[in-house]
Asks: 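The structure's right below; bear with me while I get my questions together.
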Amino acid sequence: MELQFYNTLSRKKEIFQPINPPHVGMYVCGPTVYGDAHLGHARPGITFDIIFRYLNFIGYKVRYVRNITDVGHLENDSDDGEDKIAKKARLEEVEPMEIAQFYTMRYLQAMDMLNVLRPSIQPTASGHIIEQIEIVKKILDAGYAYVSKGSVYFDVLKYHKDTQKYGILSNRVIEDMLQTTRELDGQDDKNNPADFALWKKAEPEHIMRWPSPWSEGFPGWHLECTAMSAKYLGEKFDIHGGGLDLLFPHHESEIAQSVCAFGHQPTNYWVHNNMITIEGKKMGKSLNNFITLEELFNGTHRLLKKAYSPMTIRFFILQAHYRSTLDFSNDALTAAEKGLKRLLEAQRNISKISPKADGSDLNIKSLIESSMQAMNDDFNTPIVISHLFSAVSIINSIVDGKEKINSQGLEDLKTLFNSYLGDILGIKDEQVSDMMPTVEGLVNLILDVRKQAREEKNWAKSDEIRDKLAEVGVKIKDSKDGVSWSLE
RNA sequence: GGUCUCUUGGCCGAGUGGUUAGGCACCGGUCUGCAAAACCGUCUACUCCAGUUCGAAUCUGGAAGAGACCUCCA
């Protein structure tokens with residue numbers, strides 16, 4: 001089966017056909033850097049990381065662009081026209097760029113911990129003001145924008161009248177929208193409430209501002225993605241991704257901007273990840289019910305019973321399909337943690353297996369084949385994981401001496417785990433560290449002492465050592481062949 | 001109010017018109033000085049009502065509940 005995935009534009013799965021193979025251009029809406037990354041940010045980070053990894057795995061040359069939004073995105077619920085970063089900067093009395101820089105670094109650190117690969121290009125909105133102004137000019141020249149009191153607005157009604165396209169992505173009927181759009185501050189300058197800002201004149205107190213032909217101000221909500229995707233991927237590229245909550249108005253408006261500036265839509269495939277919920281509600285800034293990634297890693301949030309490692313978070317997210325909502329709970333995370341541990345222990349055990357000439361290949365190839373089919377069918381990572389667990393059972397049976405595997409089968413096992421668990425799902429073994437040789441030496445030394453106690457049938461001493469080691473996170477397993485241990 | 005989506009066993013979560021998803025938890029067994037791990041086995045499903053069909057959790061219609069978007073949001 002060829003790679004196919006769900007295109008929000010057509011509302012169905014489509015075979016993936018890049019414009020210019022083997023090259024693929026992918027643009028994903030990144031974070032607005034005015035606060036710490038939360039669990040919700042991990043989802044698109046990981047979803048598009050998987051797509052990036054898989055496209056590379058099957059041989060494409062992917063240019064992956066993920067922006068950093070460090071200007072724009074007006075905040076409507078408070079001081080009109082002041083943008084988020086400027087507002088935060090005023091509160092903390094620092095330069096806006098200081099805020100943006102600080103949270104950009106924090107975001108990247110969190111993504112690194114989740115083993116999310118860095119994109120090919122990470123452009124910032126503030127670094128592309130000139131490109132954005134150029135697009136405003138194009139849209140003005142095409143007649144689909146108007147200047148009003150130093151600001152420039154996109155004329156949604158005219159666009160829709162001429163193209164019938166406003167709502168094409170989000171399935172909205174513009175006539176309905178006109179009746180339901182709320183009254184907001186600063187709407188007086190617009191011809192129509194549905195119009196959106198391409199360029200906004202800065203009020204005197206607004207501290208982030210750039211010169212333009214229309215006013216000193218800043219670019220509108222949706223412009224940066226149009227400008228930066230066109231600059232780095234071309235006016236037409238392959239995949240545009242982001243969270244489902246960006247579908248409207250953000251992505252709908254991007255389409256409108258592209259059609260007016262370039263004469264066509266920006267991308268062939270629109271991909272949206274679903275939300276992470278908490279107690280059934282979307283986790284988000286506005287609801288103030290989010291848990292930051294740092295809190296998850298430290299276990300410091302009031303809703304957390306314990307800390308969860310970055311790989312646990314990653315595995316938790318991959319156990320659900322990216323287009324389903326995923327509900328956060330301690331029970332679900334604990335289940336993910338235990339499952340991941342079992343998976344990684346089996347992976348470590350592969351190196352202990354020696355092939356037998358009279359063994360079978362145990363048909364590991366079929367698991368590899370099924371895993372590929374699952375990825376090709378809309379990046380179905382939960383199915384891939386279920387195949388990996390099938391392999392776990394096989395590995396454990398071999399270690400138990402209940403099955404024998406030949407060298408071909410063993411090679412296939414290594415391929416399955418290295419490719420699918422490692423390269424594609426991006427799950428790495430967090431136990432492997434520089435300290436391991438030292439830890440190994442120490443633990444083995446202690447286990448020698450325990451072995452002596454056991455030979456003397458000094459069970460009290462033996463158990464004491466086992467319990468004390470458990471307290472510091474070293475778990476002992478006695479078996480017929482001797483003792484083995486692992487870090488918790 | 002408008003548009004859209006969802007409702008799977010104790011929990012999380014896949015999925016196809018007829019065949020075991022998977023993980024976690026629970027229970028029984030094997031192993032063990034004990035424990036843990038592992039292995040073997042068992043048990044819990046498809047919100048409700050009606051229809052199409054030889055057969056539907058999967059298709060159609062209706063009901064109830066939940067959620068998303070309509071305003072910045074991943």
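Naming: A, B, ... by sequence-line order, numbering from 1 per chain. Atoms considered below: every heavy atom in the structure, side chains included; atoms not considered: hydrogens, waters and symmetry mates. Here the structure is a predicted model, which is why all the values come from computation and not from measurement.
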Asks: If you look at every strand shown and take non-hydrogen atoms under 4.0 Å, does A:I276 touch a base, only sugar-phosphate, or nothing?
Replies: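 A:I276: base contact, heavy atoms under 4.0 Å.
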
Asks: Any protein N or O atoms within reach of nucleotides 14-18 of chain B? Criterion: under 3.5 Å, listing atom names and distances.
Replies:
| unit_1 | atom_1 | unit_2 | atom_2 | d |
| --- | --- | --- | --- | --- |
| B:A14 | OP1 | A:H321 | N | 2.7 |
| B:A14 | OP1 | A:S324 | OG | 2.9 |
| B:A14 | O3' | A:N380 | ND2 | 3.4 |
| B:G15 | OP1 | A:N380 | ND2 | 3.2 |

Asks: Regarding A:K338, tell me which of base, sugar-phosphate or nothing describes its non-hydrogen contacts under 4.0 Å with the strands shown.
Replies: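 Counting heavy atoms under 4.0 Å across all strands, the contact made by A:K338 is with sugar-phosphate only.
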
Asks: Hey, does A:K457 reach any base, or is it just sugar-phosphate, or nothing, if we go heavy atoms under 4.0 Å?
Replies: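 A:K457: no heavy atom of the nucleic acid under 4.0 Å.
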
Asks: Specify the separation, in whole Å, of atom CG of A:N273 and atom C1' of B:A68.
Replies: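 Rounded to whole Å, this separation is 13 Å.
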
Asks: Once you apply a heavy-atom cut-off of 4.0 Å, does A:G40 come out as touching a base, just sugar-phosphate, or nothing?
Replies: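 Result for A:G40 = base.
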
Asks: Within 45° of the axis and under 6.0 Å from the centre of the six-membered ring of A:F48, does NZ or CZ of A:R66 qualify?
Replies: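 Judged by the rule, A:R66 and A:F48 form no cation-pi pair.
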
Asks: Just to be sure I follow the notation: if a pair is Watson-Crick (purine N1 to pyrimidine N3 plus N6-O4 or O6-N4) or a G-U wobble (N1-O2 and O6-N3), each under 3.5 Å, what dot-bracket string does RNA chain B give, with | for pairs to another strand?
Replies: (((((((..(((.....[...)))..((((.......)))).....(((((..]....))))))))))))....

Asks: Using a cut-off of 4.0 Å between protein heavy atoms and nucleotide atoms, how would you tag nucleotides 32-42 of chain B 5' to 3' with B, S and -?
Replies: -BBBBSSS---

Asks: Start at the 5' end of RNA chain B and walk down; is the nucleotide closest to A:F328 or to A:S390 reached first?
Replies: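 Nearer the 5' end of the strand: A:F328.
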
Asks: Restricting to non-hydrogen atoms, name the atom on A:F316 and the atom on A:A332 that form the minimum distance, rounded to 0.1 Å.
Replies: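 Closest approach of A:F316 to A:A332, heavy atoms only: CE1-CB, 3.7 Å.
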
Asks: Which part of the nucleic acid does A:N274 contact within heavy-atom distance under 4.0 Å: base, sugar-phosphate only, or nothing?
Replies: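 Base contact.
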
Asks: Using a heavy-atom cut-off of under 4.0 Å over every strand shown, decide if A:H272 touches base, sugar-phosphate, or nothing.
Replies: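 Since no nucleic acid heavy atom lies under 4.0 Å of A:H272, the category is nothing.
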
Asks: Quick check on RNA chain B: between A:G280 and A:F316, whose nearest nucleotide comes earlier from the 5' end?
Replies: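 Per heavy-atom nearest nucleotide, the more 5' residue is A:F316.
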
